[in-house]
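Indexing begins at 1, ligand by ligand and atom by atom, following the structure's order. For reference, positions follow the sequence shown, starting with 1. Side chains included, hydrogens not; waters and symmetry mates left out as well; all remaining heavy atoms used.
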Amino acid sequence: MKLLISGGGIAGLTLAFWLHSHGHEPLVVEKSSRLRDEGYMIDFFGPGYEASEKMSILSEIEGIHYQIPRLAFLGPSGKERFSLGYATLRKNLFGDRHFNFMRGDLERLLYSKIRDRVEVRLGTEVASFEQDGAQVRAKLTDGSTDTFDVLVGADGVHSRIRELAFGPDDSFERPLGYYTAAFIVDDPKIREGVDDAFYTLTVPGRQVAVYPIRGDRLATFFIHKAEHRLYDFSPQMVREELYWAYGGMGWIVPELLERCLDGGGVYFDELAQVEMPSWRRGRVVLVGDACGCVSLLAGQGASMAISGAYTLAEELAEVREEEDIAGALARYEGKLKPPVEKRQQEGRRMARWFVPDNRAILAVRDAAMRMTTSSLASLLLRHRFASGNTVKL
Ligand SMILES: Cc1cc2nc3c(=O)[nH]c(=O)nc-3n(C[C@H](O)[C@H](O)[C@H](O)COP(=O)(O)OP(=O)(O)OC[C@H]3O[C@@H](n4cnc5c(N)ncnc54)[C@H](O)[C@@H]3O)c2cc1C
């Protein structure tokens with residue numbers, strides 16, 4: 001079978017790996033003209049961990065993993081209030097079946113697994129397509145046109161394939177009322193003042209996290225609640241929004257904001273989940289964030305993207321007759337959609353604890369965090385680590 005995969009991110013590259021292993025012929029088109037930079041830190045466990053084990057890449061994931069000594073919780077001025085030993089948490093919560101790595105590092109690793117076997121066209125998108133029930137004829141932005149058995153949209157939360165096949169973004173994206181930003185700071189002076197912990201500074205309605213990464217740099221993560229909605233994501237608007245949200249914060253936040261704004265390379269987006277009645281239409285199917293974005297509040301998007309890609313490829317593995325394709329796509333959706341929806345609910349439920357609205361909730365959260373054996377602490381720590389219901393791989 002010939003398959004066109006739009007999106008060379010976590011889901012798209014994993015899918016290409018498995019489809020090729022099953023004897024199919026995938027072509028990946030990726031909008032970005034180069035592999036992306038590190039981006040942000042991902043907690044990785046659950047179904048994606050299991051799917052990676054089946055790919056035999058766990059030892060390589062271990063190579064990009066960050067050993068975080070502790071999670072440090074700061075007060076508004078940057079003074080450390082308490083900290084939790086990460087190794088113990090990792091062991092208690094996941095039995096050590098868990099990794100932290102930068103998203104870009106995982107994408108590079110996945111790319112290295114298919115580079116010599118699968119064609120990946122960087123800087124290329126699907127311009128348009130039409131399907132007749134048996135095939136999809138796609139026109140690409142590099143000027144070529146070709147026919148495929150299946151078109152897969154693995155192009156993330158703002159999926160273009162979803163838009164072309166199912167309709168505009170706002171029909172399926174559920175905004176959660178938060179904005180997030182992430183960027184990397186390469187400044188020895190700022191780095192000097194920060195040791196090797198994963199720092200979190202939370203004040204009502206906003207949170208900043210800072211952690212060291214290879215190359216003596218710092219990675220940052222920002223999240224804030226907002227009643228307003230932004231429709232303009234130009235650098236100027238992002239700058240205004242970040243200053244509006246974090247401008248009054250203490251610690252090293254003012255320096256971080258300055259570095260972010262002179263560099264570029266800032267990831268900034270509204271937090272949203274994607275909810276759809278169906279993930280497939282004829283020979284077009286979606287995978288990963290494109291159809292089931294759980295958002296960082298649920299913390300298992302990358303894991304679900306990998307297990308979704310694995311499941312889709314498994315269902316397509318045995319398909320040799322055209323008429324079996326619809327059944328394979330339906331079985332994939334039937335297996336993945338319920339656990340994705342469960343994680344979406346959990347993510348929405350945990351939002352108020354992740355970024356508390358007021359000091360009272362923040363105080364309860366922090367008190368619970370100090371007693372890491374309490375059920376609220378377990379829930380909070382699992383906001384990104386939630387087990388949800390499992391995906392049968
Ligand atoms: C700040 C932050 C923290 C997170 N933390 C975690 C975490 O701790 N644990 C976790 O599991 N998940 C986490 N996530 C979620 C996780 O990053 C996503 O769920 C995951 O990346 C989804 O993978 P994907 O391949 O579906 O989409 P993406 O990773 O978004 O990849 C989509 C790819 O498609 C490409 N593309 C886009 N449009 C087009 C187009 N028109 N044509 C061709 N290509 C296109 C993009 O360039 C990209 O390469 C976090 C997300 C954020 C934003």
Could you tell me whether [X] approaches ligand 1 through its side chain, its backbone, both or neither, with non-hydrogen atoms closer than 4.0 Å?
| X | value |
| --- | --- |
| Val157 | neither |
| Ala305 | side chain |
| Ala154 | backbone |

Which of the atoms of ligand 1 are close to [X], meaning less than 4.0 Å from one of its heavy atoms?
| X | value |
| --- | --- |
| Ile10 | 21 (O), 23 (O), 25 (O) |
| Asp289 | 18 (C), 19 (O), 20 (C), 22 (C), 26 (O) |
| Arg160 | 41 (N) |
| Tyr40 | 1 (C), 2 (C), 3 (C), 4 (C), 17 (O), 50 (C), 51 (C), 52 (C), 53 (C) |
| Phe221 | 1 (C) |
| Tyr267 | 53 (C) |

Pairs flagged by salt bridge (Lys or Arg N to Asp or Glu O under 4.0 Å) wherever residues 119-136 is involved - sequence neighbours left out:
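Listed once each, the pairs are Glu119-Arg121, Arg121-Asp142.
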
| query | With sequence neighbours excluded, what pairs up with Tyr111 under the ring pair (Phe, Tyr, Trp, His ring centres under 6.0 Å) test? | reply |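 With neighbours one apart ignored, the set is empty.
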
| Within a reach of under 6.0 Å around CZ of Arg229, are more than 12 heavy atoms found that belong to other residues, nucleotides or ligands? |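 Above 12, so yes.
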
